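Atom set for the values below is all heavy atoms of this structure, side chains included, hydrogens, waters and symmetry mates excluded. Numbering of ligands and ligand atoms starts at 1, following listing order. Note that the coordinates shown come from a computational prediction; the quantities given were computed from them, not determined experimentally.
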Amino acid sequence: MASERMDYYRAKYKTLEDLPGVGPATASKLRQIGFKTVESLATAAVQEVTAAGIGEATAAKIIEAARKSMAITFVRGDELIKLRSNVRRLTTGCGALDKLLAGGIETQSITEFYGEFGTGKSQICQQLCLTVQLPPEKGGLDGGALYIDTENTFRTDRIMQIAPRFGLDPKEALKRIIYAEAYTSSHQMILLENADEVIKENNIRLIIIDSLTSHFRSEYLGREMLAARQQMLNKHLHKLIRLARAFNACAVVTNQVMAQPDVFFAKMVAPVGGHILGHMSHTRIFLRKGRGETRIARLTVSPFLPEGEVPIRITERGVESDEDVM
Ligand code: ADP
Ligand code: MG
């Protein structure tokens, strides 16, 4: 069964106190700074753990023990194949998009949808909240979704409208979506830093940040704040990728970009996150408007897939294409 492979990502220790060298006092310190599960500790850095007032040597030992319990350490090439085989694909529910992505969105890495306002970024995110709930034989991960919303665009009505297309009961489907609105960039960061327990308890297999960049962009203005913004964004993305690895989950972020009106030809778009986001998100999909309900999805960056683009549609039924199976 599929869950057997996923169990690889569950640590053998159930609680922090089960880790050698972690007593109630240390466990409580760790929980206070957002490490509530062994899984999140396994992907932590020593500096993050010392922030709880724990000595460096102890911190290193704790992390090591958490890692060993999950086999996150040096691996031989043949074992790497086994580890990679834990990477799963989540269907977008849109046949053309799935084709572009060679089957769907990968777990354990970040996928970024970027484009102008109204190009369908949030629509895709909301549809993914449903497809993640599907069983593996239908392209899902049989899990829940965590939705961090910075623009207040998530709509329960929309979820309930799309659910029947995937054979899901609208009310039941909503129960498997954990939602949080982030009011500022630091609130957004704190939400993610404290998400590990929620992720574990609700079997979250999809973490969405919609939009990743809006707060950062409006709060860190001007050139002199650029370095600080990138540093924060970098920290935030590191946390995201670690959670995705620890729980074998998909991480999906959106990024609204402006078309540069002075670039006449290719209608080039400058990503807000700049270089950091470019390096960190492993797969990037650019969305632009076509005629009417049509949108063009273009795969611009992928670790292993060729560039390409496909037409999709945003309709009452969600995100569709001519190649849909559901
Ligand atoms: P953004 O890229 O800014 O996140 P959205 O994902 O919010 O954009 O997409 C907005 C688009 O989705 C609009 O063009 C809107 O017409 C379309 N849309 C939203 N809800 C529906 C619906 N129920 N039926 C048809 N189209 C919809
Ligand atoms: Mg949006």
Side-chain angles (χ1 to χ4, degrees), residues 90 92-94 96-98 100-101 105 110-132 145-166 168 170 173-174 177 179-185 187-188 191 206-218 233 236 240 250-260 267-273 277 281 283-300 309-322 324 326:
L90 166 62
T92 62
C94 171
L97 256 187
D98 279 359
L100 189 69
L101 295 166
I105 287 168
I110 300 174
T111 300
E112 176 194 354
F113 288 93
Y114 67 109
E116 288 177 60
F117 174 78
T119 48
K121 302 181 293 294
S122 299
Q123 294 299 315
I124 291 171
C125 289
Q126 289 173 86
Q127 181 152 307
L128 289 169
C129 286
L130 292 164
T131 58
V132 72
L146 180 72
Y147 204 110
I148 297 179
D149 187 1
T150 70
E151 296 175 324
N152 191 19
T153 51
F154 178 87
R155 291 289 174 274
T156 51
D157 288 352
R158 185 61 169 146
I159 295 289
M160 294 203 288
Q161 185 181 31
I162 305 173
R165 166 173 165 203
F166 298 108
L168 295 167
L174 280 176
I177 303 170
Y179 174 88
E181 188 175 355
Y183 300 107
T184 63
S185 67
H187 185 213
Q188 179 180 334
L191 282 172
L206 167 69
I207 307 164
I208 290 172
I209 307 178
D210 180 24
S211 127
L212 172 75
T213 43
S214 60
H215 285 318
F216 288 95
R217 184 169 27 186
S218 62
L233 211 43
H236 193 41
L240 181 61
C250 296
V252 173
V253 302
T254 69
N255 184 10
Q256 190 169 307
V257 293
M258 321 270 181
Q260 292 172 341
K267 214 182 178 194
M268 292 267 297
V269 176
V272 165
L277 194 48
S281 40
T283 303
R284 313 187 75 198
I285 298 128
F286 175 55
L287 297 166
R288 66 177 198 272
K289 283 184 182 166
R291 214 178 275 249
E293 59 194 12
T294 305
R295 301 287 183 275
I296 314 298
R298 178 171 185 80
L299 183 69
T300 57
E309 62 178 43
V310 293
I312 60 175
R313 294 186 302 275
I314 305 172
T315 72
E316 211 170 285
R317 280 166 44 84
V319 184
E320 294 191 283
S321 70
D322 289 336
D324 290 357
M326 288 183 279

Do Q188 and L212 have side chains that get closer than 4.5 Å, going by heavy atoms? yes

Side chain or backbone of T315 under 4.0 Å from ligand 1, or both, or neither, by non-hydrogen atoms? backbone

Hey, is atom 25 (C) of ligand 1 touched by any protein heavy atom at less than 4.0 Å? yes

Could you tell me which atoms of ligand 1, counted from 1 in the order shown, lie closer than 4.0 angstrom to a heavy atom of T119? 1 (P), 2 (O), 8 (O)

Leaving waters out, which protein N, O or S atoms fall under 2.8 Å from the Mg ion (ligand 2)? S122 OG

Ligand 1 N/O within reach of Q256 N/O, cut-off under 3.5 Å: no

Residue of the set V257, V253, L287 for which side-chain contact (heavy atoms from CB on, under 4.5 Å) holds with Y114: V257

Note the single closest protein heavy atom to atom 19 (C) of ligand 1, along with its residue, its atom name and the distance in Å. Q123 NE2, 3.2 Å

Gap separating the CG atom of L146 from the CD1 atom of I207, nearest 0.5 angstrom: 6.5 Å

Does E309 pair with R288 as a salt bridge, N-O distance under 4.0 Å? yes

Taking every non-hydrogen atom, the tightest pair across A96 and P311: CB-O, 3.9 Å

Closest heavy-atom contact between I314 and G120? CD1-CA, 3.4 Å

Testing the basics here: between E316 and I162, what is the closest heavy-atom pair and its distance to 0.1 Å? O-CG1, 4.5 Å

What protein heavy atom lies closest to atom 3 (O) of ligand 1? Include the residue and the distance to one decimal. G118 N, 2.7 Å

Starting from atom 20 (N) of ligand 1, which protein heavy atom do you reach first, and at what distance in Å? R158 NE, 3.5 Å

Using a strict 4.0 Å threshold on nitrogen-to-oxygen distance, state whether D324 and R317 make a salt bridge. no

Which heavy atom of E181 sits nearest a heavy atom of H187, and at what distance? O-CE1, 3.2 Å

Looking at atom 16 (O) of ligand 1, tell me if a protein heavy atom falls under 4.0 Å from it. no

Is it the side chain, the backbone, both or neither of E293 that has a heavy atom closer than 4.0 Å to ligand 1? neither

Those atoms of ligand 1 less than 4.0 Å from some heavy atom in Q161: 23 (N)

Taking the non-hydrogen atoms of G120, is any one of them nearer than 4.0 angstrom to ligand 1? yes

Which atom of F286 lies closest to which atom of G115, heavy atoms considered: CE1-CA, 4.0 Å

Check this for me - ligand 1, F117, N or O atoms closer than 3.5 angstrom, yes or no? no

Protein contact to atom 18 (N) of ligand 1 [nearest heavy atom, distance to 0.1 Å]: I314 CG2, 3.9 Å

Taking atom types as modelled and ignoring hydrogens, do the side chains of Q256 and S211 form a donor-acceptor contact shorter than 3.5 angstrom? no

Suppose I only count heavy atoms of K121 and a 4.0 Å limit; which atoms of ligand 1 are within that range? 1 (P), 2 (O), 3 (O), 4 (O), 6 (O), 8 (O)

Given the rule in the side-chain contact (heavy atoms from CB on, under 4.5 Å) test, do I296 and T294 qualify, once you have shown the distances and angles that lead to the verdict? CA-CA 7 Å; I296 314 298; T294 305; 4.3 Å; yes

Taking every non-hydrogen atom, the tightest pair across T315 and R158: O-NH2, 2.8 Å

Closest to atom 13 (C) of ligand 1 among Q126, R295, E316 (heavy-atom distance): R295

